[in-house]
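For reference, the structure is listed below as structure tokens.
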Amino acid sequence: MQSEIKVGQRFKFNILSDNPSQERQAVVTRVLSNGEEGLGPEVDFYFAYWVEAYELPKTENPTTLVFERGTDGNVYLDGRQVSITLLK
């Protein structure tokens, strides 16, 4: 995930620990800093920012997915590393 990700941006993602990994798609609904997420400054050592999204196809009651961009350059969903590909 790149820092220029914007609300409305579509992307594909794979959970790397799933075997076989299944490609899924989502749409960004919010991009938040650690402070906006309500976390203290110590979190800056671990996470750069947070992205909320809903999975496609959109259902009547979509579940919010929360992706964390780690300071290690990796992206995580529910503590599991994911790969992200932004779509145009």
Side-chain angles (χ1 to χ4, degrees):
M1 239 178 334
Q2 302 171 2
S3 60
E4 60 266 1
I5 195 163
K6 295 175 178 54
V7 172
Q9 177 79 49
R10 293 179 61 168
F11 61 94
K12 297 186 292 187
F13 69 98
N14 291 320
I15 299 173
L16 299 179
S17 61
D18 287 354
N19 216 356
S21 183
Q22 186 175 14
E23 186 172 271
R24 298 154 63 182
Q25 289 192 25
V27 175
V28 176
T29 56
R30 296 193 325 163
V31 179
L32 302 164
S33 68
N34 291 329
E36 291 168 324
E37 189 68 14
L39 303 170
E42 64 279 355
V43 175
D44 291 339
F45 292 110
Y46 305 102
F47 296 114
Y49 58 90
W50 305 72
V51 173
E52 290 183 1
Y54 64 84
E55 193 167 357
L56 294 175
K58 188 175 181 179
T59 60
E60 189 172 311
N61 296 316
T63 300
T64 299
L65 304 173
V66 180
F67 295 85
E68 302 95 18
R69 174 67 186 255
T71 56
D72 61 0
N74 294 315
V75 179
Y76 301 92
L77 173 65
D78 296 330
R80 298 180 294 172
Q81 189 175 350
V82 298
S83 67
I84 299 285
T85 304
L86 297 178
L87 301 173
K88 294 184 179 192

Let me check something: any side-chain donor-acceptor pairs from residues 7-17 under 3.5 Å, sequence neighbours excluded? List them with distances.
{"from": "Q9", "atom 1": "NE2", "to": "L87", "atom 2": "O", "distance (Å)": "2.6"}
{"from": "R10", "atom 1": "NH2", "to": "Q25", "atom 2": "OE1", "distance (Å)": "2.7"}
{"from": "N14", "atom 1": "OD1", "to": "E23", "atom 2": "N", "distance (Å)": "3.1"}

Practice task
Check whether any side-chain heavy atom of E52 lies under 4.5 Å from a side-chain heavy atom of L32, and answer yes or no.
Solution key: yes

Practice task
Please test V66 against V51 for side-chain contact (heavy atoms from CB on, under 4.5 Å), starting from the C-alpha separation and ending with a verdict.
Solution key: CA-CA 6 Å; V66 180; V51 173; over 6 Å; no

Completion exercise
Residues passing the side chain to side chain donor-acceptor pair (under 3.5 Å) test with D72, sequence neighbours excluded, are N74, Y76

Handout entry: Whichever hydrophobic residues join Y54 through chains of side-chain contacts under 4.5 Å
Key = V27, L56

Completion exercise
Here the pair of heavy atoms bringing V31 nearest to I5 is CG2-O, 3.8 Å

